[in-house]
2 protein chains.
Amino acid sequence: MEGQPGLNHETWYTINDLSAAFDITARTLRHYEDVGMLAPLRRGSQRLYRERDRVRLQLILRGRRLGFSLPEIHDMLDLYDADPSEVTQLQDVIKRGDAKLAELQEQVDELQTTIQELLELRAKMQHRLDIILTQEGL
Amino acid sequence: MEGQPGLNHETWYTINDLSAAFDITARTLRHYEDVGMLAPLRRGSQRLYRERDRVRLQLILRGRRLGFSLPEIHDMLDLYDADPSEVTQLQDVIKRGDAKLAELQEQVDELQTTIQELLELRAKMQHRLDIILTQEGL
DNA sequence: ACGCAACTTTCCGTTTACGTAAACAGCGGT
DNA sequence: ACCGCTGTTTACGTAAACGGAAAGTTGCGT
């Protein structure tokens with residue numbers, strides 16, 4: 001169950017807390033760990049997820065909904081993990097972030113084109129339907 | 001090669017025309033046919049793709065870039081193939097189209113949230129970088 | 001101390017979306 | 001008639017992202 005194993009005010013989650021909360025299987029969470037996208041602490045052999053892990057999981061699942069592969073999502077997570085004390089790291093993360101941003105914007109554009117086309121199709125179909133219905137109404 | 005086998009002014013494409021034009025393999029085109037997403041004509045055993053097939057292929061590839069599965073894309077293509085003379089078909093296509101539109105809009109929203117978060121991260125990193133660089137400049 | 005539920009690791013299975021030969025057919029050029 | 005190219009079908013292989021079952025361990029309630 002969800003709780004606090006220490007005396008601090010941090011919230012902890014078991015693997016089943018998270019799988020229930022996000023409607024995924026424990027197997028999926030272990031898989032994300034296998035490929036290095038999550039790294040929960042251990043109490044003995046049991047996994048203990050912190051708030052940080054929960055946030056990362058949310059990012060992973062959103063990435064999946066958006067159609068990204070796990071390696072792609074992994075790269076995006078890495079952006080948040082960069083060491084902010086090293087100049088080269090900062091420059092690198094900005095550069096990689098900009099590249100990803102351009103990609104995401106392109107995807108938004110294509111989505112909006114798709115939406116536009118579907119709206120036009122819908123209008124056409126609605127128009128035909130109106131004509132048929134008024135004819136039948138005679 | 002791309003050409004016109006008849007005397008009309010329609011353009012035809014071989015399987016290699018299309019695979020070269022869209023940078024995919026012939027195998028991929030045959031696969032889309034296997035799963036019923038394309039249906040080129042035949043001259044003997046050879047596939048002949050018309051403009052209509054080319055447009056459908058564009059839709060398929062865009063769908064893939066947006067992260068949709070082939071069955072999902074297949075459903076979207078079906079929207080364009082609905083018989084516009086049947087009232088029930090028209091109503092059905094409008095309903096299914098609206099459902100897909102809601103989905104697409106949701107995807108746009110999630111993408112824009114992701115973009116926003118990356119922009120904030122970028123600003124944070126840029127800020128840290130500026131501080132470090134001015135310190136070094138002393 | 002005992003049982004049992006919750007967790008663990010390990011490993012083989014499955015689906016999607018093709019990749020990759022193998023083996024054959026038709027056709028334009030020499 | 002033979003070559004090479006382009007195309008075809010058939011069929012097994014593969015990577016990604018888990019699913020699912022087996023077998024072992026651990027902590028907790030009584």
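Quick note: numbers below take in every heavy atom, side chains included, and nothing from hydrogens, waters or symmetry partners. It should be emphasised that the depicted structure is a prediction, and the values quoted were computed from it without experimental measurement. Note on naming: letters A, B, ... go to the chains in the order of the sequence lines (proteins, then strands), and numbering restarts at 1 for each one.
Both H31(A) and Q46(A) lie near DNA chain D, and the one whose nearest nucleotide falls closer to the 5' end is H31(A). Of the two residues contacting DNA chain C, namely S69(B) and R27(B), the nearest-nucleotide position lying further toward the 5' end is that of S69(B).
As a whole-Å value, the separation of L70(A) CG from dT16(C) C1' is 14 Å. Between Y49(A) atom OH and dT8(C) atom P there is a gap of 7 Å when expressed in whole angstrom units. The nearest whole Å value for the distance from the CZ atom in R47(B) to the P atom in dA25(C) is 17 Å. The nearest whole Å value for the distance from the NE2 atom in H74(A) to the P atom in dA16(D) is 14 Å. Distance CG (D34(B)) to C1' (dA11(D)): 12 Å, rounded to an integer number of Å. Distance, L61(A) CG to dC18(D) P: 9 Å, rounded to whole Å. For the pair I15(A) CD1 and dT9(C) P, the interatomic distance rounds to 9 Å; values are reported in whole Å. When rounded to the nearest whole Å, the span between CD of E33(A) and C1' of dA17(D) equals 16 Å.
Checking side-chain atoms of D130(A) against main-chain N and O of H127(A) turns up no donor-acceptor pair under 3.5 Å. For E72(B) (side chain) and S69(B) (main-chain N/O), a donor-acceptor pair under 3.5 Å exists by modelled atom type. Judged by distance alone, with hydrogens and angles left aside, the side-chain atoms of D17(A) form a donor-acceptor pair with the main-chain N or O of T14(A) at under 3.5 Å.
Closest to the side chain of R42(A), out of dA17(C), dT8(C), dA17(D), is dT8(C). Residue S45(A) has its side chain nearest to dT26(D) when only dC18(C), dT8(D), dT26(D) are considered. Here dG19(D) is the nucleotide among dT8(C), dT8(D), dG19(D) with the atom lying nearest to any side-chain atom of T28(A).
As judged by a 4.0 angstrom heavy-atom cut-off over every strand, R30(B) is placed among the base-contacting residues.
Side-chain contact between H31(A) and T25(A) is absent, with no heavy atoms from C-beta onward closer than 4.5 Å.
A sub-4.0 Å separation between OP1 or OP2 of dG19(C) and a side-chain N or O of T25(B) is present. Look at Y32(A) and you'll find a side-chain N or O under 4.0 angstrom from OP1 or OP2 of dC18(D).
Of the charged side-chain nitrogens involved, at least one lies within less than 4.0 Å of a carboxylate oxygen, so that R54(A) and E51(A) count as a salt-bridged pair.
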